[in-house]
Peer 1: 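Have a look at this one before I ask anything.
Quick note on labels: first sequence line is chain A, next is B, and so on, each numbered from 1.
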Amino acid sequence: MNLKPAEDRLRKTLVVGLGSIHGDDSIGWVITDRLAKRLDVARIGCGPSHDRTQAREESASIPGQQWVLGQLASPAELLDRLDPAECPDRFTDLIVIDACVGSGKVGEVLRWDWPDRDWETRRTSGTHDLSLALALELAERLGRLPQRLTILGVLIPHPREEPAAVQWPAPPTGIAAAAPAARTAVPFSGLSTALAAAVPDILSRIEPICREGIG
Amino acid sequence: MSEHQGQTRSIRVEAMTRVEGEGGLDIRLLDGRIEQVNLNIFEPPRFFEAFLRGRPLEDVPDITARICGICPVAYQMSSVHALEAALGVEISPEIRRLRRLLYCGEWIESHALHVHMLNLPDFLGFDGALEMAQAHPERVERGLQIRKLGNQLLDRLGGRAIHPINVAVGGFYRAPTRGELSEFVKPFEAGLRLAEEATREIATLDFPVFDQAYDLVALVHPDEYPMNEGRIESCDGLSIAADEFPNHFVEQQVPHSTAMQAIRLETGKPYLLGPLARIQLAFERLAPEARRLADEVRFQPPCRNPFYGILARSLELVHAFAEAIDILKTYTPPRPPRIAYAYREAVGGAATEAPRGLLYHGYGIAADGKVTHANIVPPTSQNQGQIEADLRDYLPQVLSLPDREVADACEKLVRCYDPCISCSTHFLRVRIDRG
């Protein structure tokens, strides 16, 4: 795998947060939201995957570099996002940010650079939904993967150890409040105390990875 | 995987692959005779019916959607129809068509995934979609493309593809504009051609010979291919209103499964739901495109071979695209998008056709609009008994094979029903004891 993109061409990085608006599972979305400000991306894609206007806002702040930030709910959506029909102007880099549980300090950022043999063992036995490892392997076999792929796992408290406890948004007054028209602004306020406190540190570790190769 | 204990030969598949959820299969043979075939579902019970008690009825479509990430629309549709039946809500024809369009999106997404990614590798000799992608990337690409179209439609109509949030008792929280839907026509016409291509290809597969005497059950509507409404009918002459379901079908607990199993009260036997049942009972109501293609590939009901489920499912894909295109081209936004209603103490039941088969919901509502009781009977728990019966009948064909191949053959058969264990726990490990 060629880890260094050709210097004479535009570098186009897709940074994807996987998760949801719920609790610590939202960390991938929280980080992409904050990265948008740091990378000077005006707005990030959080809407329907077919909605290119929402999903394709890019930064032009650094010559030769563009970022596209996306917030996706499932690895299968990532497979769709990498469909050449969706994005004829291919990405050179892909960075996936997701919550993970394991031993280590809350907020610790784990990094895997594709291909990683560890990931081959992370394929689940298979259900209707695709695991991240299976989606990425499938993308690779179908020729959809960019030149460089980095997976960043942010350690969150084990759900059984610390319940998400701080600053939950007010519950909607009716289901209508969650209707599509109200979904453009995503509330990120359900992180647990320990993870919320670690966000600045997580950002300071992830931002340089997003900027890697830019000189 | 294999244990030999005295006169007993034991084969075990610890966890079924390419099925949704967690379950296993235990087969015990004593002196060469099949003594026991158990679908052993160990995914924990999920207690959705209990969650619903005491909640506002408006919460029901969103909570029940959470039962399944593949067929949330089915849960939403059965729930809103049951609640509307209780409340006496009459929806407008425009709302009804928009609901059918939403259901088409789900059938497309679910059927595309099962046909291409979960079931087709079995017929082509691959371990899974990943291995198939190496040799036949075009087939995997086609499946992904079709599935994506279904998801995009769900996104547009439901606010998001997984667990949509726009379905309401009485209609929709927001109806899309004509422009928002008209842009789907061309991609869906391309999707129809892909589905037709897939069906022609699938019709040429080698299907094992295995005919069963099924009691096929599905919704039947006088004018439409079954989806949102109709009478519950069977191939032996049963014809009942959907809300009479509990009087004719009963769920039973079995020791080896956290999922209930259903039988017909009249016969005391299991029955089969899903594409084979729907095509058998409603062939004439398939869209002309799907009927013509069925004729072209010489698929003519009755078909009682579960391995042909993939072909029936492909024809339903064609149907779903054709119907969706028709609705997209003639769409008029419903005004209002949601019919108002008043609370009343009542009970109501309804059934719709989930991709895997008939899904019944029944609810009781108090005068303040809170749910007093809920009864949800998913298709996979209804099909489980029939799957066990089919395995019992299929095993003699494969028992002479080595244990591993027996287990593989059983898994392949089970996948033909597109079981959704997560839905039914409310499923595969295969273990065989041989005598």
Peer 1: Starting at CD of Q152(B), measure out to CG of D80(A) and round the result to the nearest 0.5 Å.
Peer 2: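 It comes to 7.5 Å.
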
Peer 1: Take E141(B) and R144(A) through the test salt bridge (Lys or Arg N to Asp or Glu O under 4.0 Å) and record every step on the way to the result.
Peer 2: CA-CA 11 Å; E141(B) 291 277 11; R144(A) 294 186 180 188; 2.4 Å; yes

Peer 1: Hey, does the side chain of R141(A) reach the backbone of P137(B) with a donor-acceptor pair shorter than 3.5 angstrom?
Peer 2: no

Peer 1: CG of D83(A) to CG of L144(B): how many Å apart, nearest 0.5 Å?
Peer 2: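 Spacing of CG (D83(A)) from CG (L144(B)) equals 8.0 Å.
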
Peer 1: About how many Å separate CG of D155(B) and CD of E77(A), when rounded to the nearest 0.5 Å?
Peer 2: 7.0 Å

Peer 1: Measuring from atom CG of L138(A) to atom CE of M132(B), what distance do you get when rounded to the nearest 0.5 angstrom?
Peer 2: 9.0 Å

Peer 1: Residues in side chain to side chain contact (heavy atoms under 4.5 Å, CB included) with K370(B), at least two apart?
Peer 2: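 Only P56(B), D368(B) meet the side chain to side chain contact (heavy atoms under 4.5 Å, CB included) criterion with K370(B).
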
Peer 1: Taking side chain as everything from C-beta outward and backbone as N, CA, C, O, which of these in Q145(B) sits under 4.5 Å from a heavy atom of chain A? Side chain, backbone, both or neither.
Peer 2: side chain

Peer 1: May I have all residue pairs that pass ring pair (Phe, Tyr, Trp, His ring centres under 6.0 Å) and include part of residues 132-156 of chain B, sequence neighbours excluded?
Peer 2: F126(B)-H136(B)

Peer 1: More than 12 heavy atoms of other residues, nucleotides or ligands under 6.0 Å from CZ of R111(A): yes or no?
Peer 2: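 Yes, the 6.0 Å shell around CZ holds more than 12 heavy atoms from other groups.
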
